[in-house]
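To start, the structure itself, in structure tokens.
Numbers restart at 1 for each chain; the letters A, B, ... are given by sequence-line order, proteins then strands.
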Amino acid sequence: MSVRTRFAPSPTGLLHVGGARTALFNWIYARKHAGVFVLRVEDTDHSRNTQEARQVILDGLHWLGLDWDEGPQKGGSFGPYYQSERNHIYEEYLSRLEKGGHLYEDHGAIRFRSPREKVILQDEICGRIEFDLTNPGTHPDITLRRPDGSWIFHFVNVVDDIEMKISHVIRGEDHLSNTPKHIELYKALGAEPPRFAHMPLILNRDGSKMSKRDEGAALGSYPEQGYAPEAVRNYLCLLGWSPKDNREMISISEVIALFELNQINRRNAAFDLAKCFWLNGQYLLQMDLARYTELAIPFLEKAGISWPSYESLEQVLAIVKPKLKLLRDLPEWVIPFFTEEFPYDKESVAKSLQGNDRGESGSARLEALSTAFAELPLWNASALETSLKETAIKLGVKTGELVHPARVAASGRSVGPGLYEMLEILGPERTLIRFAAGAIKAIA
RNA sequence: GACCCUAUCGUCCAGUGGCCUAGGACACUCCCCUUUCACGGGAGUAACACGGGUUCGAAUCCCGUUAGGGUCGCCA
């Protein structure tokens, strides 16, 4: 049997991380078995079903690198892939149920008469579960169609999974209790039910239900903040699944190779943004410069930063890259390299340039440094370091007493990349001008 | 309320009867490295929900209790 999985989101205006993880596991499973991953948009009757809302889903999946083989923008043999365009199919299936005597009308709505049996589900993750549907009081007949003609989820979902020949339904555990009803529908339609795999849900750190407004809930917030998609994807893989060898960083190809549905943890997982943040830092650190630059550019453009050439941009990013965990923070770190209009942090100026009654000495130190640097035959990091340390000895102060004022004078900030690398890139002219300006600030 | 799922450090995972005085990671604390911030290295705090069984032996199996989550829609 060929594997066909699907992700069937509803366009609500945002892609929830829980949904993203469901999509991810479906995608992984399809890739592992050289199968097909289908994207189907369940947009039956919602007013909030807008083009923008649909786009959020597509963008989110694209960002995570989850390419679908059939679906919107892609086509496929079982389309259309928007439920709103599949009316004729639902009509056909409904009449089949009708002919089979499975339907009845109730206040204009069409309902499915349950056969009232015990239903056994052999779930790939949860194991064997027996549901007793014999009591109509506790398990009422489900509605398939509203009086206004619109369709109910349970029906169209099952019809589409049959039509699209879905072999494995991998979805959130919130559907577990609905599954026996779905199985009844499959049987009434004479279709073999797919394999089901119900994944545990994602909760907040405190164990409460994760709602749309909770931090980290919207997938769209990750690209905005400067997370690398590979890092978020890695984090999501580890929520409920593990390679069993204590690895935290794992490539997606390895996940695909090792992944098994029955190894998915059955316990709900709490979402820990701090760990995702850390993992992002690890990815950024190990990422090659070209990829890093690619990810960085949108953030710099958005901040209105321009750079003279790609090479000079890479040069700056190279020394800043090991310092940051979120691309969002990048602009303030690189501004001093590309403009003279960079801001001076008040506290840093007060502390490192002026300080108590050190104004004079801060000024004197910068001047001494300028004198030493001006005589440098070669302007590079190691020459600058040697020269600075010699100057420190000459003045009888600790290295840091020169480094800090120099950093603030050169960049306006007390944190940043290595001072010598920074000055090397800045070059002698800009460095000396900034030192002079800093010396004035020190006594101002 | 009924039904279903679950229960190991604060969090994510490892552990499928003896290798567990329970391991890794994040977070937190301290130390080292260091011009800052990071990175890296080292140390530390911290968990088998509770009660019964089964067994020579239980975090691991069974039952119950409790707790959390889910479903019970003419939402998806």
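- Between A/Phe342 and A/Tyr344, the ring-plane angle classifies as tilted under the 30° and 60° cut-offs.
- Both distances falling under 3.5 Å, in either a Watson-Crick or a G-U wobble arrangement, place B/A67 opposite B/U6.
- Pair assignment for B/C61 gives B/G53, based on Watson-Crick or G-U wobble hydrogen-bonding distances that are each under 3.5 Å.
- Judged by distance alone, the side chain of A/Asp214 and the main-chain N or O of A/Ala217 form no donor-acceptor pair under 3.5 Å.
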Under the ring-ring contact (aromatic ring centres under 6.0 Å, His included) rule, what do A/Phe153 and A/His175 come out as? Steps first, then yes or no, please.
CA-CA 11 Å; A/Phe153 158 77; A/His175 289 297; 5.3 Å; yes
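- Which of B/U8, B/C4, B/A76 sits closest to the side chain of A/Arg267 comes down to B/U8.
- When heavy atoms are screened at a 4.0 angstrom cut-off, A/Pro200 is found touching no nucleic acid atom at all.
- The nucleotide whose nearest atom lies closest to any side-chain atom of A/His107 is, among B/C74, B/G70, B/G40, B/C74.
- For a distance-only test at 3.5 Å, the side chain of A/Arg407 qualifies as a donor-acceptor partner of the base of B/U35.
- Listed here is the closest heavy atom pair of A/Ile425 and A/Arg430: O-NH2, 4.1 Å.
- For B/G1, the paired nucleotide is B/C72, the pair qualifying as Watson-Crick or G-U wobble because both relevant distances are below 3.5 Å.
- Checked against B/C74, B/C4, B/G73, the side chain of A/Pro140 finds its nearest nucleotide in B/G73.
- Rounded to whole Å, the distance from CD on A/Glu130 to P on B/C5 is 10 Å.
- By the 30° and 60° cut-offs, the orientation of the rings of A/Tyr29 relative to A/His168 is tilted.
- For A/His107, the NE2 atom sits in a loose shell: 12 or fewer heavy atoms of surrounding residues, nucleotides or ligands are nearer than 6.0 Å.
- Across the protein-nucleic acid pair, A/Arg413 atom CZ and B/U35 atom C1' stand 15 Å apart, rounded to whole Å.
- For the P atoms, the distance from B/A7 to B/A46 is 25 Å, rounded to whole Å.
- In this structure, B/C39 makes no Watson-Crick or G-U wobble pair, since no nucleotide meets both defining distances under 3.5 angstrom.
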List, with names and distances, any nitrogen or oxygen atoms from the protein found under 3.5 Å away from nitrogen or oxygen atoms belonging to nucleotides 23-32 of chain B.
{"from": "B/G23", "atom 1": "N2", "to": "A/Asn246", "atom 2": "OD1", "distance (Å)": "3.4"}
{"from": "B/G24", "atom 1": "O4'", "to": "A/Asn246", "atom 2": "ND2", "distance (Å)": "3.4"}
{"from": "B/A25", "atom 1": "O4'", "to": "A/Glu248", "atom 2": "OE2", "distance (Å)": "3.0"}
{"from": "B/A25", "atom 1": "N3", "to": "A/Lys275", "atom 2": "NZ", "distance (Å)": "3.2"}
{"from": "B/C26", "atom 1": "O2'", "to": "A/Lys275", "atom 2": "N", "distance (Å)": "3.4"}

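- Nucleotide B/A47: unpaired (no Watson-Crick or G-U wobble partner with both distances less than 3.5 Å).
- Although no hydrogens or angles enter the test, the distance criterion places a donor-acceptor pair under 3.5 Å between the side chain of A/Asp43 and the main chain of A/Gln83.
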